[in-house]
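A short write-up of the structure that comes next.
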Amino acid sequence: MDLDLKDKTAIVTGGSRGIGKAIARELALEGVDVAIAARGREALEAAAAELATETGRRIVPILVDTGQDESVRTLVATANDELGHVDILVNNAAVPGGGPVPELSEMTEEVVWADMNVKVMGYIRCAQAVAPLMRAQGWGRIINISGLGARISRSMIGSMRNVSVAAMTKNLADTLGPDGINVTVVHPGATRTEAAEANIAERARSAGISVAEMEGQLGASNSIRHFLSAQEVAWVVAFLASPKSIAINGDAVAAGGGVGDSIYY
C-alpha cells in the first residue's frame, strides 16, 4: 500500500534511539523528511547521519528538552524553518521505563513530576506548538507514543502517565479533528530496542539461560508468541501518520502483540 507520505515532513521526539529512531526510519523510507529531536547531541547527530544515508531523505537533528516550554517552541520553529512545513508530530520523548518501580513511600512530588512533566506536559507542549502550523495548512497527524502500562497496575507512575496520554489524545482529537488534524495514541508492549537488548542480556545472565530463551519468555507474554521489534511498532505509526488513517481519530492502538486477556471496546 502506498501511504501517500512522499514529501511530507515530521518531527519525532525521542528520535535518536529505540522506538523513536525506528519510527523516523520508517517515515523516511516512505518519503518523509524528518526532524529528530532529543537531549543528547552525540547520539542525535549519529542517528541523523545514519538515517539520512540509509533512506536518502533529509534528517535534521534538533536538540530539545521537552520538559521546557521555550525548548519545545524552538524545536518546532527550527523544524518548520528547516523543512518548510510540519505535517506530522510523533510524541515519543519520555523518561525511560522498565526500571525499579517506586514504593508508595517513595512517591514524592519530585519523582512524579519529573516523569509527568516530560511525557505528559512535554506531549502537550509539542502539540500546542505544532497545532497552529497544522491548522493553517488544514492537515496534520499527531501520534502519541504511550504504553500498555495504561492498562495494568504494576507501576503507579507508569499507569498514571500512560492513562494521561490516552486521555489527552482524545481531547486533542476532538479539538483538532475539525481542522483536518487526526490525533491517535499507540501503546507498545515489551519491545526490542537498544536499551531492552542490554536489559535482556543481563536478565538472561542472572537466570542462567540464553538470550534467545529470555526473548522467548518475553514473547510468550503475548498471543502471537513473538517478541516485537521497534520496527514492527514503527510500521503501525507510519500508517497512522498517513492520509490513509483518516478513519482513526482519538483512539488507542495497542501494539503489543495481544498482551493480556482483557477486552477493550
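Every heavy atom of this structure was used, including side-chain atoms; hydrogens, water molecules and symmetry mates were not.
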Subject >> Exceeds 12 heavy-atom contacts within 6.0 angstrom, atom CD of Glu70 >> reply: yes

Subject >> Residue pair Arg57 / Val32, side-chain heavy-atom distance below 4.5 Å >> reply: no

Original post:
Quick one: do Val12 and Leu29 end up in the same hydrophobic cluster if we chain Ile, Leu, Val, Met, Phe, Trp and Tyr together by side-chain heavy atoms under 4.5 Å apart?
Top reply: no

Original post:
Are Leu133 and Val64 connected, step by step, through hydrophobic side chains (Ile, Leu, Val, Met, Phe, Trp, Tyr) whose heavy atoms are closer than 4.5 Å?
Top reply: yes

Original post:
Out of curiosity, does Met168 fall in the hydrophobic cluster containing Val186 (side-chain heavy atoms, cut-off under 4.5 Å, transitive links)?
Top reply: yes

Subject >> Residue among Asn91, Leu172, Thr169 satisfying side chain to side chain contact (heavy atoms under 4.5 Å, CB included) with Tyr123 >> reply: Asn91

Original post:
What is the minimum heavy-atom distance between Leu27 and Val34, and which atoms define it?
Top reply: CB-CG2, 4.2 Å

Original post:
Quick one: do the Ser262 and Arg151 side chains pair a donor with an acceptor below 3.5 Å?
Top reply: no

Subject >> Joint hydrophobic cluster, Val236 plus Ile145, side-chain heavy atoms closer than 4.5 Å >> reply: yes

Original post:
Got a second to check how far Glu197's CD is from Glu215's CD, nearest 0.5 Å?
Top reply: 7.0 Å

Subject >> Check: Arg125 and Thr66 side chains under 4.5 Å, non-hydrogen atoms >> reply: no

**OP:** Would you mind telling me which of Asn171, Ile143, Asp174, Leu176 makes a side chain to side chain contact (heavy atoms under 4.5 Å, CB included) with Val183?
**Re:** Leu176

**OP:** Using a 4.5 Å cut-off on heavy atoms from C-beta on, say whether the side chain of Asp4 contacts that of Ser242.
**Re:** no

**OP:** State, to 0.1 Å, how close Asn222 and Gly256 come at their nearest heavy-atom pair, and which atoms those are.
**Re:** CB-O, 3.3 Å

**OP:** Check the pair Glu30 / Lys8 against salt bridge (Lys or Arg N to Asp or Glu O under 4.0 Å), numbers first and verdict last.
**Re:** CA-CA 9 Å; Glu30 292 290 336; Lys8 290 196 180 296; over 6 Å; no

**OP:** Please confirm whether the backbone N or O of Ala252 pairs with a side-chain atom of Lys170, one donor and one acceptor, at under 3.5 Å?
**Re:** no

Original post:
Out of curiosity, Leu44 CG to Arg17 CZ, how far, rounded to the nearest 0.5 Å?
Top reply: 9.5 Å

**OP:** Hey, could you give me the CG/CG distance between Leu3 and Leu240, rounded to the nearest 0.5 Å?
**Re:** 10.0 Å

Subject >> Any donor-acceptor pair under 3.5 Å from Thr74 side chain to Val72 backbone >> reply: no

Original post:
Hey, does the side chain of Arg58 reach the backbone of Glu82 with a donor-acceptor pair shorter than 3.5 angstrom?
Top reply: yes

Original post:
Do Val237 and Asn92 come close enough that some side-chain heavy atom pair is under 4.5 Å?
Top reply: no

**OP:** Flag the pair Asp115 / Met160 as yes when at least one side-chain heavy-atom distance between them is below 4.5 Å, and no otherwise.
**Re:** no

Original post:
Does the side chain of Val259 reach to within under 4.5 Å of the side chain of Ile152, using non-hydrogen atoms?
Top reply: no

**OP:** Could you tell me whether the side chain of Asn117 and the main chain of Gly67 form a donor-acceptor pair under 3.5 Å?
**Re:** yes

Original post:
Which pair of heavy atoms, one from Ser146 and one from Val185, lies closest together, and at what distance?
Top reply: CB-CG2, 3.5 Å

Original post:
Between Glu194, Glu50, Glu26, which is the residue that forms a side chain to side chain donor-acceptor pair (under 3.5 Å) with Lys21?
Top reply: Glu50

**OP:** Any chance you could measure His187, atom NE2, to Asn144, atom CG, to the nearest 0.5 Å?
**Re:** 10.0 Å

Subject >> Gly250 backbone acceptor or donor facing Thr184 side chain under 3.5 Å >> reply: no

**OP:** Kindly say whether Gly158 contributes a backbone atom to a donor-acceptor pair with the side chain of Asn162 at under 3.5 angstrom?
**Re:** yes

**OP:** Would you please test Leu218 and Arg203 for side-chain contact (heavy atoms from CB on, under 4.5 Å) and show each step?
**Re:** CA-CA 11 Å; Leu218 291 169; Arg203 289 174 64 180; 3.8 Å; yes

**OP:** Check for a donor-acceptor pair, side chain of Asp179 on one end and backbone N or O of Arg135 on the other, with a separation under 3.5 Å.
**Re:** no

Subject >> Distance, nearest 0.5 Å, that separates CZ of Arg41 from CG of Leu63 >> reply: 4.5 Å

Original post:
So which heavy atom on Val111 is nearest to which on Glu106, and how close?
Top reply: CG2-O, 3.7 Å

**OP:** Output the distance between atom CG (Asn249) and atom CG (Asn182), rounded to the nearest 0.5 Å.
**Re:** 4.0 Å

Subject >> Shared hydrophobic cluster, Met1 / Ile23 (ILVMFWY, side-chain heavy atoms < 4.5 Å) >> reply: yes

**OP:** Check whether any side-chain heavy atom of Ile11 lies under 4.5 Å from a side-chain heavy atom of Cys126, and answer yes or no.
**Re:** no

Original post:
Is the CZ atom of Arg225 crowded by more than 12 outside heavy atoms at less than 6.0 Å?
Top reply: yes

Original post:
If only atom types and distance count, is the side chain of Thr193 paired as donor or acceptor with the main-chain N or O of Gly18 below 3.5 Å?
Top reply: no

Original post:
Considering only heavy atoms from C-beta outward, does the side chain of Leu75 approach that of Thr13 to under 4.5 Å?
Top reply: yes

Original post:
Is a salt bridge present between Arg192 and Glu232, judged by a nitrogen-to-oxygen distance below 4.0 Å?
Top reply: no

Original post:
Are any side-chain N or O atoms of Asp87 and backbone N or O atoms of Thr9, one a donor and one an acceptor, separated by less than 3.5 Å?
Top reply: yes

**OP:** Return the minimal non-hydrogen interatomic distance between Ser210 and Ala204, and the atom names on each side.
**Re:** O-CB, 3.7 Å

**OP:** Quick one: closest heavy-atom pair of Ser245 and Arg141, and the distance?
**Re:** OG-NE, 3.1 Å

